[in-house]
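If you read the sequence from its start, that first residue is 1, and numbering goes on from there. Fair warning: this is a prediction, and the values are worked out from it, not measured in the lab.
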Amino acid sequence: MTTSPTLPKSRQQLILAVLMLCSLLIWLDNTVLSTTLETLADPGRGLDATPAELQWATGSYTLAFATLMFTAGALGDRFGHRTVLAIGLVVFAGSSVWAAYAGDADQLIAARAAMGVGSALIMPANLAILMWTFTGPARSTAIAISSTSAGVGMAAGPVLAGLLLDHFWWGSVFLVNVPVVVLALIGIAVLVPNFRSPEPRPLDPAGMLLSVTGLAALAYGLIRAGQVTAWTRIDVWAPIVVGLILLAAFVRVEMRSKMPSFDPRLLAQRIFGGGNVALGLLLFAVAAVTFYNAFYLQGARGYSPIEAGLAGLPTALGATLGAPLGARLVRRWSLRPVTAPALIVAALTMGAYGLFGLQTPLVWIEILLLVQGLSIGMVLGPVTAALISSLPLDRAGAGAAVTNTVRQTGSVIGIAVGGTIMSIVYRRAIEPSLGDAPESVQERARISAEQARHVATEIDRPALARAADDAFIHAMHVGAACIMLIALFGAAVLVLSLRPAEKPAESVHEPEPDRENSNSVTGAAARPETDGQTARKGDVVSSH
């Protein structure tokens with residue numbers, strides 16, 4: 001590993017460990033919540049949350065995360081990435097305590113949004129510090145190593161949540177964030193210099209306001225469609241139209257800015273833009289299928305939280321193995337031949353949820369989840385490393401924010417669309433089974449399968465519970481087919497964006513042009529070294 005010209009190798013490795021702990025915190029929280037959704041929907045053990053409220057509990061976090069990251073990147077360039085990272089951790093810990101003691105679904109949604117603010121401050125600063133700390137091939141290696149924290153979080157989160165839910169109340173799953181934050185803050189104070197850009201950028205309040213309100217309006221319209229089971233109502237299509245207009249205005253404002261915090265011009269580049277769109281579509285699909293899986297395992301199949309957490313381990317194991325495996329294969333065969341087929345496989349595994357039923361053997365589910373995690377890891381790790389390694393060092397905070405904003409936007413839209421498809425199809429499927437039930441029972445059963453099972457137990461009507469399970473399975477099948485198509489479209493975008501560049505006339509007879517072009521695109525060993533050294537020659541690193 002090539003060492004930094006300013007920091008000893010041992011300190012670099014310790015800084016990387018601290019940054020991985022911060023990244024682990026975010027992934028841990030995401031997976032912990034997915035295991036808790038079924039409990040939160042329970043009228044007795046949880047908050048009696050409706051599907052729409054659970055979508056907002058998940059989506060409010062991702063919404064704040066997605067829309068504030070580019071502002072957080074600018075803050076880091078101006079005040080120092082270590083300072084912003086530490087503030088983000090404190091906000092995350094405080095809002096985690098708030099979420100743990102939320103008295104109703106509305107309070108939980110607000111607390112989750114505050115946690116998203118903390119994550120938005122953490123992630124760009126985390127990546128920027130990594131890029132300042134490492135240079136050349138060491139930077140690509142560090143990014144690949146750091147990405148394994150996602151797999152660790154995916155593995156530990158569901159199991160940890162299951163253990164806590166089996167022994168404590170649901171709020172305990174949020175309190176687990178606090179000790180992790182304390183450890184990370186100690187490491188930051190002792191090890192991490194306060195890197196900052198030599199040319200601070202404006203904070204862009206207009207862009208932040210337009211992006212937050214635009215994405216919030218869009219998400220509201222999509223989730224509202226699931227509540228009213230119709231797309232033609234004005235309270236559905238009007239917020240969607242307003243959201244799209246506001247987001248278009250946001251892009252226009254950023255295009256006209258001399259120093260934008262979120263630079264849409266980067267997305268106009270075929271490789272950087274296409275790669276980010278592909279990752280955004282993949283995260284769209286991952287968020288939606290994860291939302292389904294939480295209710296499938298615990299609700300329809302009746303697994304306990306710990307059993308559901310253990311059942312999800314193959315996904316985490318696959319993602320952990322997939323990132324380094326993908327990196328090695330990319331070094332041998334280049335980016336496109338590895339990541340495009342992996343994304344296609346990931347899409348097909350998501351579509352295979354359409355084959356799951358109430359009696360599907362667990363072993364087949366586990367095999368499918370292992371393949372799914374492996375293929376996702378082979379895409380996320382190498383593509384992210386390639387895109388981040390191509391960024392100029394003096395735009396580290398804002399450039400990394402572009403990549404993460406697109407990915408988180410894909411997640412929040414995936415939750416909104418996936419949950420809405422499930423709600424609409426479920427209500428239509430359960431309706432024929434409600435004909436002779438009292439009106440109050442019908443109203444509760446239409447809300448969700450969780451509510452239908454609960455009221456079926458209250459009135460001793462097992463047929464209603466079975467009908468709810470069948471309606472949910474049907475809704476999951478329809479949703480899985482839609483999610484698969486979205487992910488396949490992402491694979492097509494990735495193939496097109498990573499296609500070899502046009503060969504100049506004089507190089508027509510050069511051997512293996514694809515390999516050469518692909519390596520120049522993927523941020524292979526030679527390129528990050530050049531980029532990192534060029535950027536460092538012209539920059540002044542400020543640390544305190």
Side-chain angles (χ1 to χ4, degrees), residues 24-62 89-119 153-183 290-291 293-313 316 415 419 444 447-458:
L24 172 65
L25 182 71
I26 294 174
W27 283 99
L28 192 69
D29 179 72
N30 285 339
T31 53
V32 160
L33 181 65
S34 66
T35 307
T36 314
L37 290 175
E38 179 72 23
T39 302
L40 292 171
D42 189 277
R45 295 182 301 142
L47 296 176
D48 194 17
T50 66
E53 289 172 333
L54 293 176
Q55 284 175 273
W56 276 115
T58 307
S60 64
Y61 168 88
T62 313
L89 288 168
V90 171
V91 171
F92 192 89
S95 53
S96 295
V97 175
W98 181 14
Y101 294 99
D104 54 38
D106 290 339
Q107 290 183 32
L108 179 62
I109 292 169
R112 289 287 297 167
M115 293 174 71
V117 173
S119 295
M154 290 171 63
V159 177
L160 179 61
L163 287 171
L164 292 172
L165 291 171
D166 277 353
H167 295 87
F168 305 99
W169 98 112
W170 61 265
S172 61
V173 302
F174 296 111
L175 290 181
V176 74
N177 295 327
V178 176
V180 180
V181 167
V182 171
L183 288 176
T290 301
F291 193 77
N293 197 44
F295 295 102
Y296 171 66
L297 292 177
Q298 294 186 55
R301 298 298 298 265
Y303 292 169
S304 69
I306 185 62
E307 289 172 336
L310 292 172
L313 280 179
I415 293 166
R444 292 181 62 183
I447 294 175
S448 66
E450 287 67 36
Q451 290 283 354
R453 296 186 196 102
H454 191 76
V455 73
T457 301
E458 290 179 350

Between Ile26 and Ser119, which heavy-atom pair has the shortest distance, and what is it? CG1-OG, 3.9 Å

On a heavy-atom basis, which atom in Ile109 and which in Ala57 lie closest, and how many Å separate them? CG1-N, 3.8 Å

Taking every non-hydrogen atom, the tightest pair across Ala41 and Glu450: CB-CG, 4.0 Å

Is a side-chain N or O of Glu307 found less than 3.5 angstrom from the main chain of Tyr303, in a donor-acceptor match? no

Inter-residue atom distance Phe92.CZ - Leu25.CG, 0.5 Å rounding: 4.5 Å

Measuring from atom CG of Leu183 to atom CG of Leu24, what distance do you get when rounded to the nearest 0.5 angstrom? 10.5 Å

Counting only N and O atoms by type, is there a donor-acceptor contact under 3.5 Å from the side chain of Arg112 to the main-chain atoms of Ser60? no

Would a distance-only check, ignoring hydrogens and angles, find a side-chain to backbone donor-acceptor pair under 3.5 Å from Asn177 to Phe174? yes

I'd like to know if the side chain of Gln451 reaches the main chain of Ser448, judged simply by a donor and an acceptor atom lying under 3.5 Å from each other, with no hydrogens or angles considered. no

Nearest non-hydrogen partners of Arg453 and Ala300, listed with the distance: NH2-N, 3.4 Å

Under the criterion side chain to side chain contact (heavy atoms under 4.5 Å, CB included), I'd like the reasoning laid out for Leu310 against Val159: C-alpha separation, chi angles, the key distance, then a yes or no. CA-CA 6 Å; Leu310 292 172; Val159 177; 4.0 Å; yes

The reported gap from CG in Leu165 to CZ in Arg45 (rounded to nearest 0.5 angstrom) is 7.5 Å

Going through the distances and angles, do His454 and Glu458 end up as a side-chain hydrogen bond (donor to acceptor under 3.5 Å, both in side chains)? CA-CA 6 Å; His454 191 76; Glu458 290 179 350; 3.3 Å; yes

Hey, can you tell me if Trp169 and Tyr101 have their rings parallel, tilted or perpendicular (30° and 60° cut-offs)? tilted

Got a second to check how far Asp48's CG is from Asp104's CG, nearest 0.5 Å? 11.0 Å

Could you give me the CA-CA distance, side-chain angles and deciding distance for Thr58 and Leu37, then say whether side chain to side chain contact (heavy atoms under 4.5 Å, CB included) is met? CA-CA 9 Å; Thr58 307; Leu37 290 175; 4.0 Å; yes

As a test of understanding, state which of Leu108, Thr290, Leu40, Leu54 forms a side-chain contact (heavy atoms from CB on, under 4.5 Å) with Leu33. Leu40

Working to the nearest 0.5 Å, report the span between OG1 of Thr36 and CH2 of Trp170. 9.5 Å

From Gln298 CD over to Thr39 OG1, what is the distance, rounded to the nearest 0.5 angstrom? 5.5 Å

Looking only at heavy atoms, what is the nearest atom pair of Ala161 and Thr35, with distance? CB-CB, 3.8 Å

Going by heavy atoms in the side chains, are Pro158 and Leu313 under 4.5 Å from each other? no

Heavy-atom closest pair, residues Ala100 and Gly171: CB-O, 3.1 Å

May I ask you to test the Thr50-Trp56 pair for a side-chain heavy-atom distance under 4.5 Å? no

